[in-house]
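Encoded as structure tokens, the structure appears first; notes follow it.
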Amino acid sequence: MLPTQAPFPATRLRRLRKSAAIRALTAETSLSPADFIWPVFVREGEGVVEPVGSMPGVNRLSVDKVVEAAREAHALGIPAICLFPYTPEALKTEDCAEAWNPENLSNRATRAIKDAVPEMAVMTDVALDPYNASGHDGFERDGEIVNDETVEALVKQALSQARAGADMIGPSDMMDGRIGAMRAALEAEGFRNTLLLSYSAKYASAFYGPFRDAVGASGALKGDKSSYQMMAGNSDEAMRLIERDLSEGADMVMVKPGMPYLDICRRAKEMFGAPTFAYQVSGEYAMLAGAAERGWLDHDRVMLESLIAFKRAGCDGVLTYFAPAAARLLNG
Ligand SMILES: NCc1[nH]cc(CCC(=O)O)c1CC(=O)O
């Protein structure tokens, strides 16, 4: 598209910015609570609201409190909530069996939310890291994160989440072949309407730091995740991963982290036209919320500016810890 413009003064682009009314009429993108998926941290106990030190305003919640949060989110117009379990050390093992325990924290929280607020879409995370003694997303054998054996475990985990009632399953592990394997297993068990929202282009990022703290995985991780998560400088590789996941049966795709990777979002949306999401991750939240806490940034304004950037980049929605605060502001 090449916009046609008369020479100055016939064209004065500032006319389109002259008043709030004209600016509202000509706005290219909009932001609404319906654009948000809200990630929440779940922990054991009852009546527990435990602040996450590195994420001001974010808490770990016991299942009863997660249900309250889901009710509140639904009232605010947020369509989906995404669950991340804070797993007690004793449940982290080498075989990661807690990942597919029907009674694990994530599955209990899913059932509780679907019971209390059935309209709320529940998204879950598939990866072994919350249950793995090594902190990795896959099994480690002789220093290697092994792919195929991990995929077998991930399929068990995904099925246990579908049985608990998850609407959207989010594989965040970056193993090869997992989308196809999960799709086949879901179809075979009759879960025809369970969505796969694939973390397709997930980068090996230092912006995940506060999250690993929030789920209690920072101490555990030995080495880094570069043999399965992507290098920051790659873009063609992201397109290949997204194409691969769509061809294996992903319903929606995700780019992660968000703000430093908006070019990837734009390229993905233009190339594939699939429902495209970005994850504004814990470190992105921490740098904005932390600076705002010190009075260095205006909390509400940077929050909304950072979120509309995802829409402008072509995303259909965004996973963000700001979801309830942003929804409250947008609802006026
Ligand atoms: N499978 C792990 C997982 N799922 C979501 C996040 C990060 C989310 C965030 O930083 O907000 C991570 C961390 C990681 O890959 O180490």
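Atoms within each ligand, like the ligands themselves, are counted from 1 in listed order. Remember, it's a predicted structure, so these values are computed and weren't measured experimentally.
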Item to check | K225: numbered ligand 1 atoms lying under 4.0 Å from its heavy atoms | outcome: 14 (C), 15 (O), 16 (O)

Checklist entry - Does the side chain of K202 reach to within under 4.5 Å of the side chain of Y208, using non-hydrogen atoms? => result yes

Checklist outcome for this item: Quick look: D173 vs ligand 1, heavy-atom contacts under 4.0 Å, and the answer is neither

Checklist entry - Does the side chain of D224 pick up a donor-acceptor pair with the side chain of S226 at under 3.5 Å? => result yes

Next on the checklist: If hydrophobic clusters are built from ILVMFWY residues whose side chains come within less than 4.5 Å, do V48 and I113 share one?
Outcome noted: no

Next on the checklist: Hydrophobic cluster membership, with links at side-chain heavy-atom distances under 4.5 Å among I/L/V/M/F/W/Y: are V42 and V122 in one?
Outcome noted: yes

Checklist outcome for this item: atom 1 (N) of ligand 1: closest protein heavy atom, distance to 0.1 Å, is S172 OG, 2.7 Å

Checklist entry - Would you call E149-R141 a salt bridge at under 4.0 Å N-O? => result yes

Next on the checklist: Tell me the protein heavy atom at minimum distance from atom 8 (C) of ligand 1, and give that distance in Å.
Outcome noted: F211 CD1, 3.3 Å

Checklist entry - At a 4.0 Å cut-off, with the gap strictly under it, does some heavy atom of Y279 reach an atom of ligand 1? => result yes

Checklist entry - At a 4.0 Å threshold, what atoms of ligand 1 neighbour a non-hydrogen atom of A127? => result 1 (N)

Checklist outcome for this item: Restricting to heavy atoms, the pick from M55, K202, H136 nearest atom 15 (O) of ligand 1 would be K202

Next on the checklist: If I apply the N/O under 3.5 Å rule, does Y199 come out as touching ligand 1?
Outcome noted: no

Checklist entry - If you count the non-hydrogen atoms of other residues, nucleotides and ligands that lie under 6.0 Å from CD in E28, is the total more than 12? => result no

Checklist outcome for this item: In F310, F36, Y285, the residue satisfying ring-ring contact (aromatic ring centres under 6.0 Å, His included) with F322 is Y285

Checklist entry - For the residue pair Y279 and Y199, does the interplanar ring angle fall in the parallel (under 30°), tilted (30 to 60°) or perpendicular (over 60°) class? => result tilted

Checklist entry - Nearest protein heavy-atom contact for atom 2 (C) of ligand 1: which residue, which atom, what distance? => result D129 OD2, 2.9 Å

Next on the checklist: As an exercise, identify every atom of ligand 1 less than 4.0 angstrom from a heavy atom of Y321.
Outcome noted: 8 (C), 9 (C), 11 (O)

Checklist outcome for this item: Atoms of ligand 1 under 4.0 Å from any heavy atom of D125, numbered from 1 in the order shown, are 1 (N), 4 (N)

Checklist entry - Does the pair E237/R240 count as a salt bridge with the N-to-O cut at 4.0 Å? => result no

Checklist entry - Nearest protein heavy atom to atom 7 (C) of ligand 1, by residue and atom, and its distance? => result K256 NZ, 2.9 Å

Checklist entry - How far is atom 10 (O) of ligand 1 from its nearest protein heavy atom, and which residue and atom is that? => result S282 OG, 2.7 Å

